[in-house]
Every structure is written in C-alpha cells, then in structure tokens.
Amino acid sequence: MNVATGPLGRSLTSRLRRDRRGAFPPYEMIDQHDREHSELLDESVRAAEEKSRKLERLYHNTTTHAWDGKKVLQSLVEKHGGIHVPPDKREALGHTFTVILWGELAAWNVAADLARALPDVDAKLAATGQAFDEARHFYVLRDYLMMSGVPLPPLGPLVRRVLTSVLDAPSPAAKLSGMQLLVENLALAIFRQVADARVEPVLTDLLEYIERDEARHVALGVMYLPKLLERTSRWERMRLWAFSTQTFLLTVGHGRRMDPHWKALGVNHRGLALHSFRLHQQMMRQMKEVADKRPGESIRGVYGLSSKQHQQLIDFLHPEQPESMGNRHRAGLAALDAAVLAAERVLA
Ligand SMILES: [Fe+2]
Ligand SMILES: [Fe+2]
C-alpha cells in the first residue's frame, strides 16, 4: 500500500494542512486535492462547488459591471443642468447622507478587512470586489455632496456606535453579519425610498447605480455567512446573536431621531421600515436555501425576529394611522424616545 495515499498518508496530509492554516503562504488555496476527487464524491460536494462558483462570480460581476464614478456624476450633472437641492430639503438630506457617506467608508474598510480575514478564496474574491465598489460609492457621494453644498452634520451617537461596532467586530462572522445583513439591508431600503421620493434628479439617478452594486454585497453575506457559521462554536453564535441584536436596536433608536428628516424628504418611514423588513425576510429565506435548511429550521447565530414580531414592531414604531393611536401607544413611543435621547447622551 502506498503510505502517501493510504489512510495514514491522508491523515498526515490533512494534519499538515490544518497546521499550515494561518501561516503564509496559505498553500491550501491552490490545493487541488478536493477538486481532483470531486468527481468521485457525492452530490453534496458538487453542490458545494457550485455554491463556491456563484460566490466567486460576485467578484467577476464587479469587474464586468464596474462604472466610472467621475464620468457618471459628470454626465448626470450635465443631463440635469446642475444639482438643485430644494432649500427646504437640504438639512434633511444632510442628516440622511452623513450616515450614508460614513457608512460607505465603513463598508469599504470592512470589505477590505474581510478580503484579508476570510479563509476561502471565493469569499475573499467577493469581498475584494465589494471593497472596490465601496471605494467608488464613497468618493462619488463625497463629490456629489461637495458639489451640492449640502451641509453634513456629525454622525448621531447611536448610528456612529453601529458603524464602529461593525468595524471593530471581534470576528469575520460578526463583521459579515453586521455589515452585509444589517447595514447593507438598511442602505438598500434607504436608497430605494430616497430615489422614489425624487428629492433631487442627479441624486435619484446616481442612487440607481449604487443600488445595483449593493445587491451583490448582500449576496456575499447570504451565500457565505451560513458556511462561516457552521464553523463557529455555540458560544460564538450566542455572542454573534447578542451583537446583531444590539446593533439592530441601535438602528431602531437612530431611526426615531431620523423621523422629522424623513418627513422633510417626503419619505414614508413606515414604508421604509416595511421595505427593510421584506429585504430581511428575503435574505433569511435565501440563507436557509443556501444552508439547505428544512422549513421551520433557522440559521443559528443570526438575529431574526419572527415575521409576526417584526410586523408588530413596525406597527408600534410607525402605526398606519398615527392620528388614531391610543394613549398607551403614545405613552410607549414617548418612553422610547426618552430612552433614545438618554442613550445618545451616554454614547455622545
Ligand atoms: Fe456601498
Ligand atoms: Fe455595499
């Protein structure tokens, strides 16, 4: 028996491969062992290979669909005869886009961190593509905001904490979950609602470009997070759940503070929350498909209110008919707003 290919040889090889993890160069990245034998193995291996190809495709799609931010912005300004933000919407636009602009910078940094930290080549490629996109989003929005003269206020303490928590997240799984599933989801909902509100024509058109890229970033989380979670311990998943819940609550708190600005921009806050909720449901559904979960099974470690709980939260925060709210409902919202202000003072 050939020792190198027999059971002893295979166990030595896999031990060597394990020992090499974390060392440079990571020779296992070009190890053809798994692929060479994949034809002999079962359907699940082939399915895993197909998932990997889809993930890698995100990177190739990034390069295929890359757009030149400078040229696009210039052409949109020419098309619409300049940037004209209505005076009564300038302040609200500033409060919205200070979050979006610094969120783009955070996403750029997180994607670059993930490109380095993620162990699998397919996910590394997808994160690299995202870093490339986010860099473009940051500079094109910075240029737009400078040209428009919209004043950018400092970030609110709660949303600042959301972004710094994700930037400093203790693990790639937490970074991926916080950025791809929570922040990107909210960004997608905000882009769509602000674009639909047609606040300013150049911005409306520009957001369409950015929105197309963001869908790929969410896809990285959806396709890869289940795989990453499979490798985490129960304790890590519990920490991740707590982290995700905390960041979600912070975004809810910041959302309360954004209420007057959404009104000024003509964005329906309930519509925005419902849009984000639908996106979240869609992501959870897709993640379960990726993880081959049966109906009723959930992805452990990922924050997730049930559909009913989510709907109840939206009805509480953004009632369909605010004028007919009961006294208890009003008192509950007033208590929440007081808590949000107190939290802002603590975090400021
Ligand atoms: Fe972005
Ligand atoms: Fe993004």
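Whatever order the structure lists ligands and atoms in, that order sets their numbers, starting from 1. No hydrogens, no waters, no symmetry mates; every other heavy atom, side chains included, goes into these values. Source: prediction; values computed, not measured.
- Checking H310 against Q281 by side-chain atom types alone, no donor-acceptor pair falls below 3.5 Å.
- As for E134, its N/O/S atom nearest the Fe ion (ligand 2) is the one called OE2.
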Exercise. Under the salt bridge (charged side-chain N to carboxylate O under 4.0 Å, His left out) rule, what do D213 and R216 come out as? Steps first, then yes or no, please.
Key: CA-CA 6 Å; D213 296 338; R216 280 196 298 276; 3.0 Å; yes
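- Not a single donor-acceptor pair under 3.5 Å links the side chain of K175 to the backbone N or O of L114.
- Between D337 and R257 there is no salt bridge, since no side-chain N of the basic residue sits under 4.0 Å from a carboxylate O of the acidic one.
- D213 lies apart from the Fe ion (ligand 2) in this respect, since none of its N, O or S atoms is found at a distance under 2.8 Å.
- Metal site remark for the Fe ion (ligand 1): H217 contributes no N, O or S atom at a distance under 2.8 Å.
- Among the atoms of E184, an N, O or S atom falls under 2.8 Å from the Fe ion (ligand 2).
- A salt bridge is defined here as a Lys NZ or Arg NE, NH1 or NH2 lying under 4.0 Å from an Asp or Glu carboxylate O, and E230 with K227 fails to meet this definition.
- Note on K124 versus E56: no salt bridge recorded, every NZ/NE/NH1/NH2 to OD/OE distance being 4.0 Å or above.
- Rounding to 10 degrees gives 100° for the angle at the Fe ion (ligand 1) between ND1 of H137 and OE1 of E104.
- Under 2.8 Å from the Fe ion (ligand 2) lies no N/O/S atom of D133, from backbone or side chain alike.
- Of all N/O/S atoms in E214, OE2 sits nearest the Fe ion (ligand 1).
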